[in-house]
Amino acid sequence: MSQRIPEDLQKKGLRRRANADVDKLTAHRGMATWGETLVPLGDFRQAVRKSGKELTSAERLVAVKDYLEASSDDTLIEGPFSKIIVFGGVYSNSFALHALLDEAQSRRPDAVYCLGDLGGFGPNPETIWPLLTESAVRSIQGNYEESLAGGRDDCNCGYADPRDNHFAEISYSYTARNCSSEFKRWMGGLPKRRRVRVGQRELLFIHGSPRRINEFLFFSSTSVPFLETLLDQERCDGILCTHTGLHWHRRLPSGRDVINVGVIGRPANDGRTEVWYSVLNDEGDRLSVEFLPLAYDYQSLASAMRREGLPDVFVETITSGWWTTCLEILPARERAASRF
Amino acid sequence: MDHVTPSDYPSAELRSLDTLWFQVGGTVCNLACSHCFISCSPTNHTHEFMTLKQVETHLEDAVALGVKDYYFTGGEPFLNPEMEDILAATLRVGPATVLTNGLLLDSERCQRLGALAGSTEYSLDLRISIDGYSAEANDPIRGEGTFERILTGATRAAAAGLNPVMTVTEVHRDNVTSEGRQRFFETLRDRGIERPRLKILPVFQIGAETERSGAYESWQQLAKDDVPEDRWDHLQCSTSRMATDQGVWVCPILVNEPQGRMGQRLADTLDSFPLSHQACWTCHVHGVSCRT
Ligand code: SF4
Ligand code: SF4
C-alpha cells in the first residue's frame with residue numbers, strides 16, 4: 001500500500017517486508033508501521049489525525065438514529081391467543097414429537113408452534129411430516145429446511161470446528177437422502193417468520209435471529225443492549241428463537257422478553273435424557289414463560305439411530321444427556337456447564 | 001494510483017455493528033512473532049495502550065448502538081495496567097473475549113479473572129494463541145521456550161475456571177492431520193485441562209502473509225463490480241469496528257493504515273467504507289475471521 005504514503009515520506013520510510021530484514025525488537029524505536037513500511041511515528045500520527053470524520057454531537061445523534069431505524073415487516077399477525085406451546089429443533093426425533101403432541105392434547109393450548117430445524121441428527125426424517133401436518137403445528141423454516149428445500153449441499157448450521165462440521169455433514173447427507181422431494185418442497189413453503197399475539201403482546205418468531213437464519217443466540221454471549229435494539233427495530237414485545245439447542249429466557253429492562261425455546265430433538269447438554277419445550281401464558285400485565293422437560297422413549301430413538309447407522313457419538317448424547325459434538329460453538333459459560 | 005478515487009471501489013455497508021474490537025494493548029507486545037500481521041513488538045508504539053476512560057466512552061456509545069459482543073486484542077492486552085478494570089466495565093454490558101499470548105497469566109491474575117467471570121452473567125472468553133502442537137513447531141515463530149510458557153498460562157487459567165480456547169495456527173502442513181491435534185489434546189489433558197477447547201486457524205492466513213511479503217499485483221485489488229452474492233457480509237467491516245487509542249478504525253485488519261480510521265467516536269463510523277486497500281482483496285479472497 002505504499003502508494004498511499006505521501007512521496008516525501010516514502011523517501012524517509014524504511015521498506016519493511018514481513019519476515020523483516022531489520023531487527024524486529026528495535027525496528028520501531030521512534031517509528032510506526034504504515035502498511036508494511038516504517039515511517040517516523042510523528043508522521044503516522046499526523047496522517048491519522050487527518051483521516052476520518054468528526055461529527056458534532058447533534059450530528060452524532062442523527063447518525064445513530066438513522067442507523068437504528070426500524071425495519072418494516074408486513075408479516076400477518078396470528079392470534080390473539082392466551083396460551084401457546086412453542087418448541088424448536090425436532091432433528092427427526094419422531095419419538096419426542098409424539099410425546100410433545102400428547103402433552104399438547106392434555107394442556108390444550110390455543111396453538112402449537114415449531115421454530116424449525118426439522119431434520120438432522122435423528123433417523124427416518126420423513127416420519128415427522130405427517131405428525132406435524134395432522135396436528136396442525138404451525139412451523140417456520142430453519143436453516144435445515146432452507147438448505148434441504150434449496151438443494152444446498154450443506155446444512156448451513158454455522159459451525160466453525162472441523163470435527164463439528166464432519167458430523168454435521170454426516171447427518172445432513174443422511175437427512176437429504178432420506179427426505180422425499182415432496183417433503184422438501186413442503187419445507188421450502190414454510191414461512192421464515194411469524195408474528196403472534198399473546199394477550200396484548202406481539203411476539204416475533206424466527207429460527208436463529210431476525211437478521212440471520214443461522215445466528216446463534218446463546219444466553220451468555222448476547223448482550224442486553226443488543227436484544228433491546230433488535231426488539232426496537234422489529235417493533236415487537238418479544239422474540240422467540242431456537243437454533244442453539246439450549247433454552248433460556250431473558251426479561252429485559254424494558255419489560256419485553258427474549259426466549260430461546262430450546263429443542264426437542266436432543267437433550268440440552270444437562271445430563272438429563274428429557275428434552276425441553278416452552279409454554280407461554282398471557283397473564284394480563286405479564287407474560288408467563290415456562291420451560292418444561294419432556295420425557296419420551298429415548299431408548300427406541302437410540303435403537304432406531306443405531307439401525308440407521310448414525311454415528312455412535314450422536315446416540316451417546318441421546319442416552320446420556322450430554323453433548324458430544326457442536327461443543328466448539330459454545331461460549332465460555334455454556335461450555336463450562338458441559339460434560340465434554 | 002494516486003488518481004484513483006474511493007468511488008472506483010466497491011464499498012462495504014455496515015450492516016449491523018455486532019462486534020466492537022478494542023486495540024487495548026496497542027501494538028505493544030512482549031513477543032515479536034515473525035508472522036504478526038501488525039508487526040507488534042516491545043518497541044512498537046504505532047498504537048498505545050487504551051485507557052479505561054477511553055474504553056468506557058466507547059462502551060457507552062456501543063450500548064446505544066446495540067453492540068452484541070466485545071473483543072480485546074493488541075499487542076498483548078494484559079500488558080495494559082488497566083486491563084482487568086476494563087474487562088470488569090465491559091462485562092457489565094456484554095460478553096468479552098480476550099486474545100492473548102498467555103504469557104502474563106500468572107496464578108493471581110487467573111484467580112482475579114476467574115472471580116470476575118463468576119460475577120457476571122456474560123461469558124468471559126480467553127483465546128490463547130499458539131503456533132502448532134509442539135515446541136518444535138511453535139518456538140521458532142513465537143520465541144524460544146514460549147510453547148512451555150503458553151501452556152503453563154493456559155493451565156493456570158483452566159485451574160481458575162476460565163477454560164481458554166487455544167487458537168492454533170496450523171503452520172506446518174503435517175499438523176493438519178487429526179493425529180497432531182489428538183496429541184495436543186492429550187498434552188492439554190495431561191496438564192489438567194479436562195475439556196480442551198481448540199480453534200484452528202487455517203494455513204491460508206499464513207499463506208496470505210507470505211504472499212504479502214512480495215508486492216501486490218495490480219489485479220490483487222477489488223474492483224467496483226466485484227460484488228459477491230452475500231454483498232460483503234463475510235467481511236468484518238460489515239459487522240464490526242475497531243477502537244484504538246487514536247480513534248475508531250473500520251476493522252481490525254487496517255489499524256496500520258491511517259486511511260482505515262473512520263472517526264473519533266463510533267457514531268462517526270456508521271457509513272460504508274470503500275474497499276480500496278489491497279488487504280481488502282486478501283480479506284475477501286482468503287477470508288479472515290478472528291471470532292471464537
Ligand atoms: S503475541 Fe500476538 S500480538 Fe504479540 S507479536 Fe505475537 S502475534 Fe503479534
Ligand atoms: S481489510 Fe477486510 S474487513 Fe477491513 S475494510 Fe478491507 S475488506 Fe473490510
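In what follows, every chain begins at residue 1, and chains take the letters A, B, ... in the order their sequences are listed.
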Comparing A:A47, A:S51, A:G52 against chain B, the one with the most heavy-atom pairs below 4.5 Å turns out to be A:S51
At a heavy-atom separation under 4.5 Å, does B:V63 approach chain A through its side chain, its backbone, both, or neither? both
Measure distances from B:P196 to the heavy atoms of chain A and classify the residue's part below 4.5 Å as side chain, backbone, both or neither. backbone
All heavy atoms of B:L65 vs all of A:L68, minimum pair found to be O-CD2, 4.1 Å
Close side-chain approach of A:H28 and B:S39, heavy atoms under 4.5 Å: yes
Do the non-hydrogen side-chain atoms of B:N44 and A:T33 ever get within less than 4.5 Å of each other? yes
When only pairs under 4.5 Å are counted, which of A:P331, A:S220, A:P225 shares the most heavy-atom pairs with chain B? A:S220
For the student: nearest non-hydrogen atoms of A:L41 and B:H45, plus distance: CD1-O, 3.7 Å
Between A:S221 and B:Y122, is a side-chain contact (heavy atoms from CB on, under 4.5 Å) present by the stated rule, with each step listed? CA-CA 6 Å; A:S221 61; B:Y122 294 121; over 6 Å; no
Choice from B:V250, B:L17, B:L162 maximising heavy atom contacts with chain A below 4.5 Å: B:L17
Note: B:K68 and A:F216 closest approach over all heavy atoms is NZ-O, 3.6 Å
Should B:D125 and A:R335 be marked as a salt bridge (charged side-chain N to carboxylate O under 4.0 Å, His left out) after you check the CA-CA gap, both sets of side-chain angles, and the distance that decides it? CA-CA 10 Å; B:D125 258 300; A:R335 183 63 192 265; over 6 Å; no
Run the side-chain contact (heavy atoms from CB on, under 4.5 Å) check on B:T46 and A:W34 step by step: do they pass? CA-CA 9 Å; B:T46 307; A:W34 183 329; over 6 Å; no
If every non-hydrogen atom of A:Y67 is compared with every non-hydrogen atom of B:L14, which pair is closest and at what distance? CE1-CD2, 4.2 Å
With a 4.5 angstrom heavy-atom cut-off, could you sort out which part of A:L217 is near chain B: side chain, backbone, both or neither? side chain
Would you say A:D66 has more than 12 foreign heavy atoms packed within less than 6.0 Å of its CG? yes
Using a cut-off of under 4.5 Å on heavy-atom pairs, state which of A:R211, A:R29, A:R45 scores highest against chain B. A:R45
Shortest non-hydrogen contact between A:L330 and B:R197, atoms and distance: O-NH2, 3.0 Å
Highest number of heavy-atom pairs under 4.5 Å with chain A among B:L270, B:V255, B:V93, B:N256 belongs to B:N256
For A:E54, is it the side chain, the backbone, both, or neither that has a heavy atom closer than 4.5 Å to a heavy atom of chain B? both
Please classify the contact between B:T120 and chain A as side chain, backbone, both or neither, with a heavy-atom cut-off of under 4.5 Å. backbone
Under a 4.5 Å heavy-atom cut-off, does chain B meet the side chain of A:F340, its backbone, both or neither? backbone
Going by heavy atoms in the side chains, are A:E334 and B:S123 under 4.5 Å from each other? yes
Measuring only between side-chain heavy atoms, which start at C-beta, is A:R60 closer than 4.5 Å to B:R265? yes
Counting heavy-atom pairs under 4.5 angstrom with chain A, the leader among B:S16, B:C40, B:A62, B:A96 is B:S16
Contact winner vs chain B - A:A332, A:A63, A:A32, A:S338, heavy-atom pairs under 4.5 Å: A:A332
In terms of heavy-atom proximity below 4.5 Å to chain B, should A:R339 be classed as side chain, backbone, both, or neither? backbone
Identify which part of B:A117 has an atom lying under 4.5 Å from any heavy atom of chain A, answering side chain, backbone, both or neither. backbone
If you tally heavy-atom pairs under 4.5 Å against chain A, which of B:G94, B:S41, B:A32 wins? B:A32
Considering non-hydrogen atoms only, spot the tightest contact between A:V224 and B:E121 and give its length. CG2-OE2, 4.5 Å
Identify which part of B:C29 has an atom lying under 4.5 Å from any heavy atom of chain A, answering side chain, backbone, both or neither. neither
Begin from the C-alpha positions of B:D271 and A:K53 and carry the test salt bridge (charged side-chain N to carboxylate O under 4.0 Å, His left out) through to its verdict. CA-CA 10 Å; B:D271 288 341; A:K53 286 199 293 195; 2.5 Å; yes
